[in-house]
Each structure stands twice: as structure tokens, then as C-alpha cells.
Student: 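Once you've had a glance at the structure underneath, I'll fire off some questions.
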Amino acid sequence: MSTITAALQGGCMTQKRFLEAIIVGSGFGGAVMCCRLAARWPGEVMLLERGKRYPKGSFARSPHDFANNFWSEAEPGRPRKLNGLFDIRNYHRMDSVVSAGLGGGSLIYANVFMPAPAWVFETRWPTQVNATALAPYYRISQSVLGARPVPPAAGDPRRTIKRTTLYADFAKADGATSQPADICVFFGKGYAAQGSAPLPIGEQERNRFGASQTSCTYCGECDVGCNVHAKNTLDLNYLFAAEKQHGARIETSAEATRITPLNEAGIEDTTADGSHGYRVDFRDDAGNARHALTRRVVVSAGTLGSNELLLRCRDELGTLPRLSRKLGQGFSGNGDFLSFVTGGERDADPNYGPVITQYINYGLQQPVDGKPAFLLEDAAYPAFAAWYVEGIRPALSPGYIFTRIARTLRLAWRFAVQSLGSGKWGGSVVAYFHALLKGDVSYRSSVLLFMGRDAADGVLSLRGGKLALDWPQSTSRPLYDAIVACGERFKRFTKAKSYIPQPTWAWPVRNNVTVHPLGGCALAEDPAHGVVSSVTGSRGQAFGYRGLYVADGSILPTGVGANPSATIAALAEWIAEDITGNTPDDTLGVPHA
């Protein structure tokens with residue numbers, strides 16, 4: 001009987017039944033920790049993921065499947081009604097979209113790998129954590145995740161992405177700089193290693209860790225789950241190696257509900273400090289309760305999930321009363337702001353290519369005193385969504401209806417004249433469909449994804465047993481005002497018909513939307529300033545407890561402005577090295593990787 005199997009069963013508690021580690025969550029923090037700890041203790045590590053596995057081809061595409069593609073909270077002891085990919089939360093002045101599934105946010109993110117600028121670490125970050133200290137961990141995680149720019153088109157029309165050029169031209173006109181983004185997308189194993197040309201579009205091969213992937217098909221579906229496994233999601237690298245190479249036990253549809261320290265006798269004891277291990281309770285989608293015992297717990301449930309679990313254990317269940325009073329403070333939305341510019345005069349083709357290909361820097365890499373620092377990234381959305389946009393245009397624009405009717409009547413008149421004069425129509429059904437479909441609004445519209453350094457002064461707490469967020473939006477308004485002004489300039493540059501800030505920004509709602517929630521369990525040198533330690537020998541360990549760690553976006557003391565996945569992964573590598581004593585490399589312990 002394996003240690004993991006024994007640990008999951010009831011009965012007498014014995015030392016051999018303890019796992020070495022349980023990881024809660026499988027995003028950029030949890031996946032790294034699972035892989036590195038499983039390599040240190042093969043067969044002795046278990047990961048709990050609340051969502052499902054998503055094999056190739058399993059992401060929702062039809063309206064029926066999308067209706068069930070959302071996540072809902074379950075009542076204790078009752079089956080979960082929805083266990084889909086998208087978890088949408090609504091809070092005061094801030095909404096959030098996060099992911100539930102094996103691979104966490106990597107399943108729906110836009111692939112960008114971007115280390116935080118050095119100046120970001122100068123304020124509110126502990127002295128041990130800076131760009132220099134994290135540099136080797138950034139390099140390792142970038143190599144594992146295969147982050148490189150989109151291959152150059154080199155005259156190949158299939159690799160030509162029109163919006164990249166559009167954004168570059170705007171940057172030049174706006175006095176800014178545009179750069180290709182490193183993205184975690186599979187263009188072939190050789191291309192990832194920077195040693196060969198990209199694999200032809202749509203061809204398949206195994207990546208360096210043994211998982212089967214497809215060379216990117218440029219379908220623009222990255223944010224709704226890649227059905228061909230062209231995204232380098234965490235289930236195809238860190239988690240793949242953890243499970244296949246190092247024997248990690250991965251439990252999906254398993255949501256952690258409580259963490260309780262044990263005393264020397266192996267009994268639950270809320271006064272204990274974790275020196276003798278922990279009991280972790282979790283439940284499946286059917287509402288069945290289970291538990292396991294472990295020497296260490298790594299909480300990596302994402303910013304919202306980790307804060308909620310730890311706040312509940314401290315304030316509601318009382319199992320972790322020693323946690324710092326700073327828990328929940330310092331929330332950041334990372335300055336996320338999504339906007340739309342519609343009906344421009346230049347082709348944008350936002351339904352083709354990886355979701356993000358480049359970024360425009362507005363002071364984020366090199367801040368300017370007194371000016372907000374942010375980035376503008378191009379964005380794509382799936383072609384099937386463009387059909388939806390076209391479908392709702394009649395409801396949004398009566399003029400659109402008359403234009404289509406007039407076009408149809410002209411074709412009918414041509415048909416009548418030519419048929420009466422010569423007995424046959426010189427046109428064809430092809431001409432009809434060409435006239436009917438041309439001029440779709442999406443082809444000349446742009447999706448603008450902004451992010452920047454906000455005030456990071458939100459507070460997460462429990463209210464009525466649910467996670468709540470107080471977001472003092474006014475302190476970050478200079479950033480959002482600068483972002484909106486940039487969007488207006490983009491509209492003028494493209495001579496577009498309209499600029500639409502994110503729909504929830506309209507008065508009187510004025511809500512932000514973040515896909516990069518950060519903070520609440522900040523790294524610090526002491527519990528007066530944060531929740532987990534930054535000191536070597538206890539990196540990522542919660543103050544007041546031994547063997548209880550946090551490793552995800554919640555430990556960032558501030559927003560980073562750049563896409564945060566790179567920093568989360570680097571910090572997890574940094575913490576894992578401290579726990580295991582093993583210097584990480586990019587092979588993940590896989591032979592011939």
C-alpha cells in the first residue's frame with residue numbers, strides 16, 4: 001500500500017501514513033511546487049485541484065456546453081451545480097475572472113511571460129526579493145514554459161498577424177515603443193529551444209517532457225482553453241513531470257475546506273504550530289468529505305482561493321488562529337482594464353493568431369515621475385465569438401439592418417434584369433454571400449488589454465461566510481484615467497467609430513474587472529508587515545506556523561503591472577528550492593528533457 005493511499009484512509013494515525021506534502025491548487029504556484037516537491041519526495045506528494053482535467057479537445061465550444069462552463073460554489077454536503085472552467089466573482093468596485101481546472105490560470109490566460117521590472121520591487125517588497133535575486137528563477141521557469149515570441153512571418157501569409165503591425169504603428173505615432181512578447185505557446189520543441197525553425201502549423205510532436213502538443217494553429221482561442229494543446233499550459237510541463245516522472249498523486253474535483261495542525265499525538269489541535277503536521281479536509285463535487293495527513297501544506301489556490309481558505313481557517317473555523325492580522329490586506333487587480341475600439345479604417349483581424357503577440361510600454365519598464373505606469377497589449381478573441389458579434393449588430397444598429405436590406409435588394413434587381421434579358425443570371429450564389437458577409441465589424445475592430453501598477457490597497461475579508469473585497473478605486477483612478485485616455489488616442493489613430501471602455505466601467509457601476517488578482521498573503525520579513533516569510537530558511541512559510549506555506553499570486557506585496565504569471569512561477573521556484581534544498585533546473589528531472 002502506498003503512503004498516499006494509506007494517508008487517505010481512516011483508522012489509527014501512524015507516522016508512516018503522513019504524506020510529505022499536500023499542495024492546494026494547480027496554478028503557476030501550485031504546479032511548480034508540486035513538481036519540485038515530488039522530485040524531492042517521489043510518491044509522497046499529493047495535489048488537490050477543485051476543477052477538472054481538460055484533455056485535448058475537451059474545452060467547451062457550443063452554446064450548450066458554454067452554458068455549463070462556469071463554476072459555482074457548493075453547499076456543504078451537497079453536489080456542486082456547475083464545475084466549469086470560468087469562476088466569475090463580483091465584489092465592491094471590482095469583479096474578477098479566474099479559472100477552475102487542472103493547470104489553474106494557465107488554461108485561460110493569454111500566454112505572456114514577462115518578468116516584473118526591477119523598480120517594482122523597490123516599494124513594499126522585502127529586501128530579500130528583488131529582480132537580481134529572482135533572475136535565475138525567471139530564466140528556469142521561462143525555459144520550462146517555452147516562452148518565446150511568435151515566429152516571424154518570413155513571407156508566410158499563415159504566420160502574418162495584422163494587428164501586430166497595427167499596434168506597432170500606433171505605438172510609433174503615440175511616441176511609445178512596441179515589442180514582441182514572449183509567449184508560452186508551442187511552435188515546436190526545436191523552436192522553443194531556440195535552435196531551429198518552427199514546426200509547421202498544426203503538426204504534432206511530443207514536448208521535451210513527453211506530453212503531446214500541436215504547433216499553434218493561430219485560432220485565437222487561447223483564453224477559452226486550447227483544444228489542440230498548443231498552449232504550454234501547466235498540465236503539459238510542470239504537472240506532467242510531477243505526475244508521470246515523480247509519482248505525484250493529483251486529485252481533481254477536490255476542494256480543500258479546512259487545514260488543521262496536529263499535536264505530538266497526531267490529534268487535531270488548534271493551539272499547535274504545525275511542527276507535527278496537518279490534517280487537510282477536502283470535498284469532491286458530489287459533496288463527499290475526505291481528508292489526508294501531511295507534514296507540509298502548500299496553499300496555492302490563487303489569490304481569491306488562498307485568502308478565502310486561510311481567512312476561513314483563522315476567523316470562522318478557528319483552526320489557524322496564529323495567522324498574521326495582515327491576512328487579506330494589499331489586494332491588487334494589477335491595473336487590468338479591457339477596452340474595445342470598433343469600426344476602424346484599418347484591418348485589425350482580431351480573430352487570428354495567439355491572443356497576445358506584443359506590448360506597448362507606457363512607463364512600466366522605465367517609470368516617469370508623476371505619470372502612471374502601464375502596458376497596452378493587443379488581444380484576440382475566437383472567430384466563433386465574431387459570429388456572435390455580427391448576430392447582435394442588428395439589435396445595436398438599425399442602420400446596419402437597412403444596409404444589409406439595400407445590399408440584398410441590389411442583388412435581387414441584378415438577378416431580375418439579367419435573367420429577363422439573357423435568360424440566365426451572370427452572377428452566382430457566391431456573389432450573394434460575399435456581399436452579405438463582407439464588412440463585418442470585428443475585422444476592423446481592436447481589443448485593447450491594459451495592465452499597470454495600481455495602488456494595491458484592497459482588503460479581502462469574510463462576510464456572512466463568503467469572501468468579500470473592499471476596493472478603494474479612487475486611489476487608483478489616475479492609472480485608469482490614463483488608460484482610458486490612451487484608448488481614446490487609439491480610436492483617433494484608427495479613425496474608429498467608437499471606443500468602449502470595459503462594459504462595467506460605465507456610470508453608475510464603475511467596476512473594474514481583473515483577471516490577475518494579487519495580494520492578501522504578502523511576503524515580508526516579519527508578521528507586522530505581511531503573512532509569509534521572505535527570509536531564507538523559511539521562504540513562503542506562514543508566520544506562526546511550521547510547514548504551512550503559501551505560493552501563488554497572493555504573496556505578491558504589490559501589483560507588478562506586467563503579466564504576473566512569470567513572477568508567480570519564479571517565486572514558487574525560489575520557495576521550493578528553500579524547502580527541498582535542491583537547485584532547480586529546466587529538465588524537471590525528466591531524462592533527456
Side-chain angles (χ1 to χ4, degrees), residues 23-31 47-55 58-91 94-110 221-227 231 233-235 239 250-258 281-290 299-312 331 333 336 382 460 462-469 504 511 513-518 520 552-554 565:
I23 291 92
V24 179
S26 63
F28 286 96
L47 180 141
L48 304 177
E49 166 53 51
R50 62 176 181 154
K52 302 179 293 187
R53 289 180 186 263
Y54 285 92
S58 63
F59 291 103
R61 289 296 182 266
S62 71
H64 176 272
D65 290 342
F66 253 103
N68 299 313
N69 201 28
F70 299 94
W71 178 266
S72 66
E73 293 298 321
E75 296 297 325
R78 293 189 177 184
R80 188 181 308 283
K81 293 181 180 179
L82 293 172
N83 64 345
L85 186 61
F86 294 97
D87 182 358
I88 301 175
R89 309 283 188 97
N90 304 110
Y91 301 115
M94 179 71 76
D95 301 326
S96 181
V97 181
V98 294
S99 175
L102 185 65
S106 75
L107 299 176
I108 65 170
Y109 84 136
E221 298 181 2
C222 310
D223 287 349
V224 292
C226 181
N227 266 331
K231 287 181 68 170
T233 49
L234 296 164
D235 54 327
L239 293 171
I250 294 178
E251 292 275 339
T252 54
S253 298
E255 184 175 21
T257 57
R258 179 167 59 182
D281 288 86
F282 58 100
R283 64 183 176 217
D284 61 23
D285 285 343
N288 300 312
R290 302 166 66 189
V299 180
S300 300
T303 292
L304 302 181
S306 292
N307 276 281
E308 184 171 14
L309 177 59
L310 294 176
L311 283 165
R312 180 162 286 118
F331 174 90
D336 287 356
L460 293 160
L462 288 181
R463 290 183 196 155
K466 303 292 185 181
L467 188 68
L469 169 63
T504 57
N511 265 31
V513 179
T514 181
V515 293
H516 302 122
L518 303 170
D552 57 20
S554 69
S565 56

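Only this structure's heavy atoms are used, side chains among them; waters, hydrogens and symmetry mates stay out.
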Student: Less than 4.5 Å apart, any side-chain heavy atom of Cys226 and any of Thr233?
Tutor: no
Student: Can you tell me how far the CZ atom of Arg312 sits from the NZ atom of Lys466, to the nearest 0.5 Å?
Tutor: 7.0 Å
Student: Going from CG on Leu102 to CG on Leu107, what distance comes out if it is rounded to the nearest 0.5 angstrom?
Tutor: 7.5 Å
Student: For the side chain of Thr257 and the backbone of Asp281, is there at least one donor-acceptor N/O pair under 3.5 Å apart?
Tutor: yes
Student: Provide the closest heavy-atom pair for Ala301 versus Asp552 in the form atom of the first, atom of the second, distance.
Tutor: N-OD2, 3.2 Å
Student: Side-chain contact, heavy-atom cut-off 4.5 Å: Thr252 with Lys52?
Tutor: no
Student: Any sub-3.5 Å donor-acceptor pair from Arg89's side-chain atoms to Leu467's backbone N or O?
Tutor: no
Student: Return the CG to CG distance between Leu462 and Asn307, rounded to the nearest 0.5 Å.
Tutor: 9.5 Å
Student: Taking all heavy atoms of Ser300 and all of Gly29, pick out the closest pair and write down the distance.
Tutor: OG-C, 3.9 Å
Student: State whether the side chain of Ser306 and the backbone N or O of Ser554 hold a donor-acceptor pair below 3.5 Å, judged by distance alone.
Tutor: no
Student: Any sub-3.5 Å donor-acceptor pair from Asn69's side-chain atoms to Leu85's backbone N or O?
Tutor: yes
Student: How close do Cys222 and Lys231 get, counting heavy atoms only, and between which atoms?
Tutor: O-NZ, 3.1 Å
Student: Output yes when a side-chain donor or acceptor of Asp336 lies under 3.5 Å from a complementary backbone atom of Val515, and no otherwise.
Tutor: yes
Student: Using the rule given for side-chain contact (heavy atoms from CB on, under 4.5 Å), can you reason through Leu47 versus Leu239, listing the C-alpha separation, both sets of side-chain angles and the distance that settles it, and then say yes or no?
Tutor: CA-CA 10 Å; Leu47 180 141; Leu239 293 171; 3.9 Å; yes
Student: Do you know which two heavy atoms are closest between Gly104 and Ser99, and how far apart they sit?
Tutor: O-OG, 3.1 Å
Student: Under the 3.5 angstrom rule, does the side chain of Arg50 hit a backbone N or O of Ala256 as a donor-acceptor pair?
Tutor: no
Student: Do Arg53 and Asp235 have side-chain heavy atoms sitting under 4.5 Å apart?
Tutor: no
Student: Where do Leu304 and Leu460 come nearest, in terms of heavy atoms and distance?
Tutor: CD2-CD2, 4.4 Å
Student: Tell me every residue that passes ring pair (Phe, Tyr, Trp, His ring centres under 6.0 Å) with Phe59, counting only those two or more places apart in sequence or in another chain.
Tutor: Tyr54
Student: Looking at residues at least two apart in the chain, or sitting in another chain, which of them share a ring pair (Phe, Tyr, Trp, His ring centres under 6.0 Å) with Tyr109?
Tutor: Phe28
Student: Is there a salt bridge (Lys or Arg N to Asp or Glu O under 4.0 Å) between Glu251 and Arg290 once you walk through the steps?
Tutor: CA-CA 11 Å; Glu251 292 275 339; Arg290 302 166 66 189; 3.2 Å; yes
Student: Could you tell me whether a side-chain N or O of Ser253 sits under 3.5 Å from a main-chain N or O of Asp285, the two making a donor and an acceptor?
Tutor: no
Student: To the nearest 0.5 Å, tell me how far Asn83 CG sits from Ser72 OG.
Tutor: 8.0 Å
Student: Give me the atom names and distance for the closest heavy-atom approach of Ala100 to Trp71.
Tutor: CB-CE3, 3.6 Å
Student: Is it true that Arg80 and Glu255 have a side-chain N and a carboxylate O under 4.0 angstrom from each other?
Tutor: yes
Student: To the nearest 0.5 angstrom, please state how far the OG1 atom of Thr303 sits from the CG atom of Leu518.
Tutor: 5.0 Å
Student: Is it the case that the side chain of Thr514 and the backbone of Ser96 share a donor-acceptor pair, with hydrogens and angles ignored and the cut-off at 3.5 Å?
Tutor: no
Student: Should Val224 and Arg61 count as side-chain neighbours, where that means a heavy-atom distance under 4.5 Å?
Tutor: yes
